[in-house]
Amino acid sequence: MLQYGIGCTGSVGGRSGGQFGPLTPPRPYTDLEAMKEPIIFRRDDCLSHEQAMYWKDLLYRTVKVGTEVEFAMPKGVKKENFLPPLVEELQPTKDLTNLGQYGVLDVVSEHCGIEIQIIGRQPYYPALMEQYHAILDPLVAQGVRARPTCGLHYHTLTIGLSEPVPEIILANVWNLTRRYAPNLRFLTSAGSSGESLCRRRNYTSHLEMVKLTPGVMSMIQIQRHLRDSKRVPEHQNFLNLEHVTFDDDGAVLDFHLEFRFPDADLSPTSIVAKMFLFLAILLKAVEMSQYGVIHVGRVREWRRKVELLDMLSNNDGNLATSDTSRITPEIIDELRAGCRELLELLKPVFVRFARASGEGSEEHPAFEVLSLLAETPLSLLRASGRSWSEIEQLLSERAAITSGNEWDKSDRRLIRAIELAELTGHTAPEAWKWEAARELFLTPQELEKRLERLDSWRGLKWDAGLGTMVFLG
């Protein structure tokens, strides 16, 4: 039995129930109540409710989350023999405005092996899953490896945005990332043993980030400090701001963030789930900008978070890893508690993602996957001896939990009848319902249940002029 409640026989979280069974929650963290109450820096540039609604909608429509997926060659394979056929297969467009067949911008040689640069696109879960499976499944089958020298970088950027983003939104993204930095590092860890849960700090350093607060500095000043640092190269910061530009008033012109801290990952379900995580952090930052800028926590809690970061991310391990031997089962539970707190904070954003998908559910598959990774990240799964294929099976089964809420064939026929106004000219709702039930081969009671569900999803009303039911949204 390995540490942290993961057994080589396949139990997760220290419980029985089969290799891919559900997780059981760990014991609670005693200081969670103290962490839960957010502290807000009140500022003069807070967004109004109307402004927050505008920016949430605009950023949801315009932000794309692209990735840089790095991996090492299969054992015994030379890069010069592997790279050219891969480039030919993936057909990189080298144009951010041209998605191409696989959505690949470029395929380049990296110090660790190969990097695939994948263009960001609209956050629609099924399309992203199809894309990342098409790219990664053949590579995993060929035996590519996620070594500690490899990473996974997420680029969150606006495409075609014609107005500057308020600086307070960026400040909240920065401080949300700082507040939950050890938990984010844990959730995205993908080392292969308990003594090396994460890759080396050099590639994704938190040393400058923990010192720089928007409570006393503007985001321009923070960016300048990161750029001038002699301690950490600018592009290797935990949250990289090097691509951000500002106007004369301090608002953000080029909104382009790079979350550098996730470890190398070869699971399509995991990679896609974390795309939604970073988009959710951005949209939550907009919500918080109505009230000020979130604080990282009280002094004692913040010092503890820095200690946890130092234990998770350092340069003391073998090869390119962090030495995480000081991470005990109790500390694992502490990190899990912070992950749950973060996901609880982001849950309403994921409900919006689910509603926007049009599947008739308020549960989003990415949230289910992140909930699993919050308890048992890739590092602990790999430390238990699971292969990448087994990990993908586990995560995809967790994502499928939400599929029971999808619309069935009769629901979709009913939705079509309403959206396309196929049943019009009726004098009263009762007459319309009778005709709809007859057309769809439903009993009146079955039709009523489906209409109630549609009403809670999009809203329904009777249009007397058309003589039919119509959606409100």
Side-chain angles (χ1 to χ4, degrees), residues 29-47 156 166-189 198 201 204-226 229 231-232 237-241 244 252 257-262 277-278 280-314 331 333-347 349 374:
Y29 172 44
T30 55
D31 284 346
L32 184 57
E33 293 78 11
M35 293 172 63
K36 271 193 170 182
E37 183 181 356
I39 305 170
I40 299 292
F41 287 118
R42 184 66 186 175
R43 295 187 11 165
D44 295 333
D45 59 343
C46 293
L47 303 182
T156 303
E167 189 251 12
I168 192 173
I169 295 176
L170 178 58
N172 267 309
V173 174
W174 178 257
N175 253 21
L176 269 171
T177 304
R178 294 174 73 230
R179 179 182 175 96
Y180 294 103
N183 315 108
L184 288 166
R185 192 70 192 89
F186 174 70
L187 190 152
T188 62
S189 63
C198 303
R201 185 188 64 212
T204 172
S205 179
H206 60 272
L207 297 181
E208 293 289 3
M209 181 191 71
V210 297
K211 300 189 301 182
L212 305 174
T213 168
V216 295
M217 301 173 71
S218 70
M219 291 309 299
I220 294 179
Q221 291 173 321
I222 289 175
Q223 185 195 55
R224 187 177 301 125
H225 186 100
L226 296 175
S229 172
R231 194 177 190 189
V232 178
N237 278 285
F238 197 88
L239 175 53
N240 179 16
L241 304 181
V244 177
V252 181
L257 310 178
E258 182 187 11
F259 295 90
R260 286 189 57 87
F261 50 84
L277 170 65
F278 297 126
I281 287 174
L282 171 57
L283 297 182
K284 177 56 69 172
V286 178
E287 290 181 5
M288 290 188 160
S289 297
Q290 299 173 81
Y291 314 107
V293 174
I294 190 170
H295 197 285
V296 294
R298 296 179 175 89
V299 172
R300 182 174 65 88
E301 286 85 9
W302 175 239
R303 287 176 177 169
R304 178 58 176 166
K305 290 174 184 178
V306 176
E307 289 177 1
L308 292 173
L309 269 175
D310 290 339
M311 283 189 275
L312 277 170
S313 186
N314 53 66
I331 292 174
D333 284 348
E334 188 177 347
L335 292 164
R336 284 169 171 158
C339 290
R340 290 196 296 272
E341 180 191 333
L342 171 61
L343 292 181
E344 182 180 330
L345 183 69
L346 300 178
K347 175 66 174 176
V349 183

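Side chains included, hydrogens not; waters and symmetry mates left out as well; all remaining heavy atoms used. The first residue in the sequence is number 1, and the count goes up from there.
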Student: Kindly write out the residues that satisfy side chain to side chain donor-acceptor pair (under 3.5 Å) with T204, not counting sequence neighbours, or none if the list is empty.
Tutor: none

Student: Are the side chain of E167 and the backbone of M219 linked by a donor-acceptor contact shorter than 3.5 Å?
Tutor: yes

Student: Check side chain to side chain contact (heavy atoms under 4.5 Å, CB included) between V306 and all other residues, then give those that pass, not counting sequence neighbours.
Tutor: V210, W302, D310

Student: Do you know which two heavy atoms are closest between C46 and R42, and how far apart they sit?
Tutor: SG-NH1, 3.7 Å

Student: Heavy atoms, side chains only, cut-off 4.5 Å: are E208 and F238 in contact?
Tutor: no

Student: Check for a donor-acceptor pair, side chain of K305 on one end and backbone N or O of V296 on the other, with a separation under 3.5 Å.
Tutor: yes

Student: Do the side chain of S289 and the main chain of A285 share a donor and acceptor less than 3.5 angstrom apart?
Tutor: yes

Student: Can you confirm if the aromatic rings of F278 and F261 lie within a centre distance of less than 6.0 Å?
Tutor: yes

Student: May I ask you to test the S189-L312 pair for a side-chain heavy-atom distance under 4.5 Å?
Tutor: no

Student: Are side-chain heavy atoms of F259 and L184 found at a separation under 4.5 Å?
Tutor: no

Student: Applying side chain to side chain donor-acceptor pair (under 3.5 Å), can you list everything that pairs with N237, at least two apart in sequence or on another chain?
Tutor: none

Student: Does any non-hydrogen side-chain atom of R178 lie less than 4.5 Å from one of L239?
Tutor: no

Student: Test salt bridge (Lys or Arg N to Asp or Glu O under 4.0 Å) on R304 and E301 and set out the steps.
Tutor: CA-CA 5 Å; R304 178 58 176 166; E301 286 85 9; over 6 Å; no

Student: Where do E344 and K347 land on the salt bridge (Lys or Arg N to Asp or Glu O under 4.0 Å) test, with the steps shown first?
Tutor: CA-CA 5 Å; E344 182 180 330; K347 175 66 174 176; over 6 Å; no

Student: Tell me, do I39 and I294 make a side-chain contact under 4.5 Å, heavy atoms counted?
Tutor: no

